[in-house]
Amino acid sequence: MKQLIKQTLAQLRTQKMLTTIGIIGTALSIFLIMVVVMLHQVQVAPYAPVSNRPRMLHAQWASVHMIENHYYQSNGPISTESAKRQFGSLSTPEAVTLYSANITPVNIQEAGGTPIGTDMRGTDENYWKIFDFTFLNGKPYSQADVESAHQIAVIDASTARKLFGTTEATGREFQLDYVPYTVCGVVRDVSTLADGAFSHIWIPHTTTQEETWCYGLMGDKSVTILARSSDDFDEIRAEYERMVAEYNKEVAETGWEFKTLNRPYTQEKSVAGGGANMEPDEKAQRRQRWIIYAILLIVPAINLSGMTESRMRRRVEEIGVRRAFGCTRLQLLGQLFGENLLITLVAGLIGWMMGVAFAFFFSNFLFADGYSNTTTEPLVDINMLIQPSTLGMALLFCFVLNLLSSGLPAWKASRTNIVNAINKH
């Protein structure tokens, strides 16, 4: 390895222009790929307060069809009663929470103060067990608070500072759409990218007005399940299917029945897209991403391959001398490939850092959601971008790019005739 590094540094000194262009080209290639990777990673990677994403299952929406004619259907959030009957008795998961499917724009103000527009979400008490919020002050509301419909709230740090000028706000009162609430806890600000967890104010869902339709089967709630292990996912779905079948018998007189569409979904499947009336196809989304990665690798690899071959031609005499002194073709191939890999890794590290910096400083543009009903700009923490999986993919792409760009030139160089190489023929 030490000798390989010395040889690589020597090549950097003797072929500065070609090497510099190659490093820049490789860095830009990895930069573009990593931006695409991070666009997906922030939706599925674990970070506070969604650190449990690998163990989460989601039923963001529900679907009901008319029993006699499946053409007529309703799709969207589920009602509180339906959610409790279908998910509340599950025994396999560690915890189950129901909460407002969408955040609600509200006005808040301290007594006598100026109204401030913000976002609110209603939740149950299990919400705080599944999502790992960082409490700066106070604590979450309890089951008793939810059942008694106590008018208390958890607010984020930004809201606390706007209202009271400090995050030490536990016990202080404010008005939420002119209804008095008391702060029970203050949490660190949450990114809009943490779907299901984002809001500025969280209150017991029992203090909100729930709108229901389809005989009360549908409503305004989503459900998230925390499994003890991802190995339990199939068992949880099977148990859920049994609960839905039993519930459908009870509500058959309404003329409607629930269709599960293989819910609940993993985090990756939940963000794979599609409407509430169809099952997301995460495999198709995965294929599409890998096709994009392949295009972003192959196109620059073709250009880089030409530059690599030019570097090899300038070293043909050196290659001939190595072969004359007993270096086998396989050894030569490994040395040439290894030298280029070191250069690619350095360039890839630069590209990866460029991607992280771009995603961090241009998050408002890069992660903006055109369909969101909040005006809050995306909050991107550096921990959301620097993930082990992201770094691992960067290393993988560096290896593949090196293989594509230097594999053939290195193979051709290793097959060079010794006499012709020494004589530069």
Side-chain angles (χ1 to χ4, degrees), residues 37-58 60 93-101 103 118-142 153-161 167-170 183-203 222-230 264-268 270-271 355-357 359-361 363-364 366-369 372 374 376-393:
V37 168
M38 284 184 282
L39 281 171
H40 175 68
Q41 287 292 88
V42 295
Q43 299 182 72
V44 299
Y47 50 83
V50 287
S51 302
N52 292 319
R53 272 179 170 173
R55 293 194 290 134
M56 285 183 180
L57 290 173
H58 305 280
Q60 185 179 11
E94 181 177 321
V96 177
T97 180
L98 60 90
Y99 52 92
S100 302
I103 56 174
T118 189
D119 302 311
M120 179 271 292
R121 189 189 295 273
T123 80
D124 64 6
E125 69 282 356
N126 286 336
Y127 187 81
W128 309 104
K129 300 176 183 177
I130 293 178
F131 298 104
D132 55 325
F133 290 84
T134 301
F135 274 81
L136 306 177
N137 188 237
K139 60 182 181 180
Y141 39 81
S142 65
V154 173
I155 63 177
D156 68 3
S158 295
T159 302
R161 282 189 284 266
T167 58
E168 301 292 321
T170 300
V183 177
C184 66
V186 179
V187 297
R188 183 176 295 167
D189 289 1
V190 179
S191 172
T192 57
L193 302 171
D195 53 317
F198 168 74
S199 188
H200 293 297
I201 299 177
W202 299 263
I203 62 175
S222 288
V223 174
T224 291
I225 298 168
L226 180 64
R228 302 179 196 279
S229 166
S230 58
Y265 302 141
T266 61
Q267 181 66 27
E268 182 183 7
S270 182
V271 302
V356 171
F360 182 76
F361 289 109
S363 58
N364 292 349
L366 196 61
F367 300 108
D369 185 356
S372 175
T374 178
T376 302
E377 295 180 346
L379 173 67
V380 176
D381 185 89
I382 200 69
N383 293 324
M384 296 167 59
L385 303 175
I386 302 178
Q387 295 282 331
S389 55
T390 309
L391 183 57
M393 292 189 75

Mark yes or no for whether Tyr141, through its side chain, and Ile203, through its backbone, hold a donor-acceptor pair below 3.5 Å.
yes
For Ala194 and Val50, the nearest pair of non-hydrogen atoms, with its separation, is CB-CG1, 4.1 Å
* Asked: For Pro93, does its backbone N or O pair with a side-chain atom of Arg228 as donor and acceptor, under 3.5 Å?
  -> yes
Between the OG1 atom in Thr266 and the CE atom in Met56, the distance rounded to the nearest 0.5 Å is 12.5 Å
Output for pair (Ser100 OG, Asp124 CG), nearest 0.5 Å, gives 10.0 Å
* To do: For the pair Tyr127 and Phe131, name the ring-plane relationship: parallel under 30°, tilted 30 to 60°, perpendicular over 60°.
  => tilted
ask   = Quick one: does Asp119's side chain have a donor or acceptor within less than 3.5 Å of a partner on His200's backbone?
value = no
Q.
Does this structure show an ion pair linking Arg53 with Asp195, if we count only N-O contacts that are shorter than 4.0 Å?
A. yes
key: pair His58-Ser222: side-chain heavy atoms closer than 4.5 Å   = no
Q) Are the side chains of Phe367 and Thr192 in touch, meaning some heavy atoms are under 4.5 Å apart? A) no
In this structure, CE of Met384 is separated from CD of Gln41 (nearest 0.5 Å) by 11.5 Å
* Side chains of Val190 and Asp156: does their closest heavy-atom pair fall under 4.5 Å? -> no
CD1 (Ile201) and OG1 (Thr118) are apart, to the nearest 0.5 Å, by 5.0 Å
Between the OG atom in Ser199 and the CD1 atom in Ile155, the distance rounded to the nearest 0.5 Å is 11.5 Å
Scanning both residues in full, the closest heavy-atom pair of Val380 with Phe360 reads O-CE1, 3.4 Å
Heavy atoms of Ala157 and Asp189 approach each other most closely as N-OD1, 3.1 Å
In the structure I gave you, are the side-chain heavy atoms of Asn52 and Pro46 within less than 4.5 Å of one another anywhere? no
Pro54 and Ser51 have their tightest heavy-atom pair at CD-O, 3.7 Å
Separation between CH2 (Trp128) and OG (Ser142), nearest 0.5 Å, reads 12.5 Å
Hits for side chain to side chain contact (heavy atoms under 4.5 Å, CB included) against Ser230, two or more places apart or cross-chain, chain-then-number order -> Phe233
Only one of Ile386, Leu193, Asn383, Leu385 passes side-chain contact (heavy atoms from CB on, under 4.5 Å) with Tyr47, and that residue is Leu193
Exercise for the section: Could you check if a side-chain atom of Thr224 sits within less than 4.5 angstrom of a side-chain atom of Leu57, using non-hydrogen atoms only? Expected result: no
| query | Side-chain contact, heavy-atom cut-off 4.5 Å: Phe198 with Ser191? | reply | no
Between Asn137 and Thr167, is the side chain to side chain donor-acceptor pair (under 3.5 Å) condition met? List the steps. CA-CA 7 Å; Asn137 188 237; Thr167 58; over 6 Å; no
Problem - Any Pro378 side-chain heavy atom under 4.5 Å of Asn364 side chain - result: yes
### Task
Spell out, as yes or no, whether a donor-acceptor pair under 3.5 Å connects the side chain of Asp132 to the backbone of Ala48.
no
Side-chain (Arg121) to main-chain (Trp202) donor-acceptor, under 3.5 angstrom:
no
For Ala169 and Val183 the tightest heavy-atom approach is O-CB, 3.4 Å
Under 3.5 Å, side chain of Asn126 to main-chain N/O of Lys129, donor-acceptor pair present?
no
| Val356 side chain reached by Met38 side chain, heavy atoms, under 4.5 Å | yes
